[in-house]
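One structure is given here, and the rest of the page talks about it.
In what follows, chains carry the letters A, B, and so on, assigned in the order in which the sequence lines appear, proteins first and then strands, with residues in each chain numbered from 1.
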Number of protein chains: 2
Amino acid sequence: MIPTIKDVAKHADVSIATVSRILNSQTGYSEKTKQKVLNSIKELGYQPNAVARGLINKKTQTIGVLFPDVSSMLSSAILKGIEDAAHNLGHSVIVCHTASRGKRTLKYLQLLREKRVDGIIFASERMLEEYYEVVQQMDVPVILISTESSYDIPFVKVDDKRASYSATEYLVKKGHCNIGFISGPIEDKIAGLPRLEGFKQALYKNGIQLRQQNIVVTKGFGYEHGRDSLSFLLERSPDITGIVAASDEIAVGVLTSAYKLGIKVPDQLSIIGYDNLKIAEMAIPPLTTVAQPLYQLGKEGAEMLLHMLITGEKAKSKILPHRIIERQSISKR
Amino acid sequence: MIPTIKDVAKHADVSIATVSRILNSQTGYSEKTKQKVLNSIKELGYQPNAVARGLINKKTQTIGVLFPDVSSMLSSAILKGIEDAAHNLGHSVIVCHTASRGKRTLKYLQLLREKRVDGIIFASERMLEEYYEVVQQMDVPVILISTESSYDIPFVKVDDKRASYSATEYLVKKGHCNIGFISGPIEDKIAGLPRLEGFKQALYKNGIQLRQQNIVVTKGFGYEHGRDSLSFLLERSPDITGIVAASDEIAVGVLTSAYKLGIKVPDQLSIIGYDNLKIAEMAIPPLTTVAQPLYQLGKEGAEMLLHMLITGEKAKSKILPHRIIERQSISKR
DNA sequence: CTTTTATACGTAAACGTTTACTCTAATTTT
DNA sequence: AAAATTAGAGTAAACGTTTACGTATAAAAG
């Protein structure tokens, strides 16, 4: 049988209140009894029951994290940051991957509510109205990572538009002036549209005429989307010398496609990615990309959440800096 | 204020016992009261408190998962399988990444104990004696994924030795007879040594003389390890025509290195990986590899655990089948 | 030496459930 | 019609903590 505080109390011949006080290092006991109790604890191998604690304290020291897909490289890097920070501050994290669309997110939200988590993180997960209503009712702090919303919920992310601007401008500065852009879905108001706009703006500011046929809008940010886009793009604009991809996966897809088509990167075609996933480094040639501080995003997000938890004050949203990681997928013109 | 079962009882003018019975769909109430109570529940927006439930039921509907590194592509694929299965069976999963070695695993184990998780999964995480002692005391079911131990703990994994055997033999059947092997650390009794032995055995069975200088033992299974091994291997054995890598990351590292050295894959050098991560597909050229059913491993593992939880019987360990995924990193000789 | 104050505890209620037990009234059996 | 059974409910204890409150003893103050 697993020992309880009662067993400890009995064994040490004190009341459970005293044991509890010692456990929580409050005042109200002598050094002698403390030692006695500590001994009993060790002897019985007692471990406090966090469930009982949670019941009375109304705090579970647990947060919930919602991801569209835990297994994407993006998510897992963020998750690591979250888990690190949470654990450092004495909290556990329950992961929920909401992948298979539909009502799954709502179900998870309810679950987290029943479990009485102390806070919730939406990571790259859209905050819909129906979700917002639920979290409002739950009355727990919420943080958005790598996304934002029309509601007043603190978020931490990079500035997608500016990052995309930087990427584009980097290419321009390298002497490219006929540049293609492979965007994700532009219905995506967070990671889709802003990156396209950053691209457009960079061209505009650098006095380069935008050509509509240089833009291809894909249905997603995945490898396949990039792979399948290159030939289409090249058909319409055979003369482009550089490509800005809205994600590293897209960029790697392009790399693959270029290889198949016998196009040399970076000699004949330059390409810049977005995210700085591990694969960017592993690609052939290693991919120049604009880095999101993924781990940092997770870490900061969790820290913001826990800060809200402790202090009760609302966290201020943060924009984390992006930066260009120069590797070998870009050549000077 | 968040409503409790008491509020529901009062609102519906019944006792809390009745509400509880209805909530748990037991017997002992009329259809009429049921409707009345259901109404009150909806009206108050009541959600049962899983913490209180956990306290009395001694079940938290939560399992803990230990990973050396959540953010590795391997882990995240497994995690997805775990999470899927667990959720389908009404359980949540707490992730713990034990990366930064040392006593962190032990700390996590204690945490999971305090939180009273119903079961624990060790995923690619070594089961040391000190861990074993703790989980023994905890008296919860444990499952090992992608690893095994000297203790009587059910596991689910592929047969590393045979998988490596298959990979090697595949190369042999393609006409290669001077084959290199880039192993992980052979101190690793799970993923290191067995794969090396599978390699040796395959050579032996196919009547190929083993050359010690064809084997390079690395300190890890990462990209860097592969990248930095190729030139070393080629120095000692310039004539090899094929390489078996102990992981996809290693293989991709080799690919990169080969590219830099101007060695054409697969024309001059064939290479087969291990794992079938997403990067295998994304590599240039796409990597032929022996696939571990990662998602499946996670799923089956979680299912085994939950089955133990429900039935109380010990699960039988499982070896899941591996298979060769043919892509384009291997040529016929 | 009495009175006050601080220290070191113990008692019991509370957290939100589940469930064994009890009770009443209705229904069925004999 | 009386007895036995059953359906529909309520009461209260239990789960393992924390904590407000009470109390006895010892130390400090007068």
Side-chain angles (χ1 to χ4, degrees), chain A residues 1-38 40-41 44-62 90 110-111 113-118 138-139, chain B residues 1-38 40-41 44-62 90 110-111 113-118 138-139:
Chain A
M1 201 44 206
I2 219 165
T4 73
I5 198 173
K6 253 182 224 167
D7 301 317
V8 175
K10 202 167 296 171
H11 188 273
D13 196 31
V14 296
S15 76
I16 58 171
T18 299
V19 178
S20 175
R21 276 186 287 254
I22 293 172
L23 247 27
N24 297 287
S25 40
Q26 299 169 329
T27 61
Y29 49 85
S30 67
E31 182 62 24
K32 204 173 61 185
T33 43
K34 179 177 170 184
Q35 289 311 325
K36 202 169 48 169
V37 168
L38 256 28
S40 301
I41 288 180
L44 299 178
Y46 166 77
Q47 302 254 163
N49 183 329
V51 179
R53 273 190 172 161
L55 182 57
I56 197 151
N57 289 335
K58 293 170 176 302
K59 287 277 170 262
T60 51
Q61 308 279 98
T62 305
Q110 262 156 240
L111 189 81
R113 187 179 181 187
E114 292 195 6
K115 291 248 160 98
R116 299 300 194 260
V117 294
D118 297 338
M138 290 178 68
D139 194 35
Chain B
M1 201 45 208
I2 219 164
T4 74
I5 197 172
K6 252 183 223 166
D7 301 317
V8 175
K10 201 168 297 171
H11 188 274
D13 196 30
V14 296
S15 76
I16 59 170
T18 298
V19 178
S20 176
R21 277 187 287 254
I22 292 172
L23 248 27
N24 298 288
S25 39
Q26 299 168 329
T27 61
Y29 49 84
S30 67
E31 182 62 23
K32 203 174 60 184
T33 42
K34 178 176 170 186
Q35 288 311 325
K36 202 168 49 171
V37 168
L38 256 27
S40 300
I41 288 179
L44 299 177
Y46 166 78
Q47 301 254 164
N49 182 330
V51 179
R53 272 189 173 163
L55 182 57
I56 197 151
N57 288 336
K58 293 169 175 302
K59 288 277 171 258
T60 52
Q61 309 279 99
T62 304
Q110 263 157 238
L111 189 82
R113 186 178 181 189
E114 292 194 6
K115 290 246 161 98
R116 299 299 193 262
V117 294
D118 297 339
M138 288 178 69
D139 194 34

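For the helix from C:dC1-D:dG30 to C:dT30-D:dA1, the terminal axes (five pairs an end, C1' atoms, rotation from four pairs onto the next four) enclose an angle of 40°, given to 10 degrees.
The shortest heavy-atom contact between A:Lys115 and A:Thr60 is O-CG2, 3.7 Å. Closest heavy-atom contact between A:Ile5 and A:Tyr46: N-CE1, 3.4 Å.
Side chains of B:Val8 and B:Leu23 form no contact here, defined as non-hydrogen atoms less than 4.5 Å apart. Within the 4.5 Å cutoff, no side-chain heavy atoms of A:Gln61 are placed close to those of A:Arg53.
Partners of B:Gln35 according to the side-chain hydrogen bond (donor to acceptor under 3.5 Å, both in side chains) rule, which considers only residues two or more places apart in sequence or in another chain, are B:Glu31. Residues passing the side-chain contact (heavy atoms from CB on, under 4.5 Å) test with B:Ile2 are A:Arg116, sequence neighbours excluded. Shown here are the side-chain contact (heavy atoms from CB on, under 4.5 Å) partners of B:Asp7, two or more places apart in sequence or in another chain: B:Pro3, B:Thr4, B:Leu44. The side-chain hydrogen bond (donor to acceptor under 3.5 Å, both in side chains) search around A:Asn49 returns none, not counting sequence neighbours. Judged as a side-chain hydrogen bond (donor to acceptor under 3.5 Å, both in side chains), and not counting sequence neighbours, A:Lys36 has no contacts.
The distance from atom CD of A:Gln47 to atom CD of B:Glu114, rounded to the nearest 0.5 Å, is 5.5 Å. To the nearest 0.5 angstrom, A:Asp118 atom CG is 12.0 Å from A:Lys58 atom NZ.
A residue-by-residue look at B:Ala17 and B:Lys58 shows that B:Ala17 has its nearest nucleotide of DNA chain D further toward the 5' end. Residue-to-nucleotide proximity on DNA chain D shows that, of A:Met1 and A:Gln26, the 5′-proximal contact is made by A:Met1.
Summarising the local packing, CG of B:Asp13 is surrounded by 12 or fewer heavy atoms from other residues, nucleotides or ligands at distances under 6.0 Å.
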Polar pairs (N or O, both sides) under 3.5 Å between protein and nucleotides 6-9 of chain D?
from: D:dA9; atom 1: OP2; to: B:Ser30; atom 2: N; distance (Å): 2.5
from: D:dA9; atom 1: OP2; to: B:Ser30; atom 2: OG; distance (Å): 3.1
from: D:dA9; atom 1: OP2; to: B:Thr33; atom 2: OG1; distance (Å): 2.6

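Within residues 46-55 of chain B, the residues approaching DNA chain D are B:Leu55, by heavy-atom distance under 4.0 Å.
Backbone-only engagement by B:Thr4 is indicated by non-hydrogen atom pairs under 4.0 Å involving sugar-phosphate atoms exclusively. Across all strands, A:Leu23 comes closer than 4.0 Å to no nucleic acid atom at all (heavy-atom distances).
Heavy-atom contacts of chain A under 4.0 Å fall on DNA chain C between two terminal nucleotides, which in 5' to 3' order are C:dA8 to C:dG16.
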Tabulate below the donor-acceptor pairs under 3.5 Å that side-chain atoms of residues 15-22 of chain A make, not counting sequence neighbours, or state none.
from: A:Ser15; atom 1: OG; to: A:Ala17; atom 2: N; distance (Å): 3.3
from: A:Ser15; atom 1: OG; to: A:Thr18; atom 2: N; distance (Å): 3.3
from: A:Ser15; atom 1: OG; to: A:Thr18; atom 2: OG1; distance (Å): 3.4
from: A:Ser20; atom 1: OG; to: A:Asn24; atom 2: ND2; distance (Å): 3.4

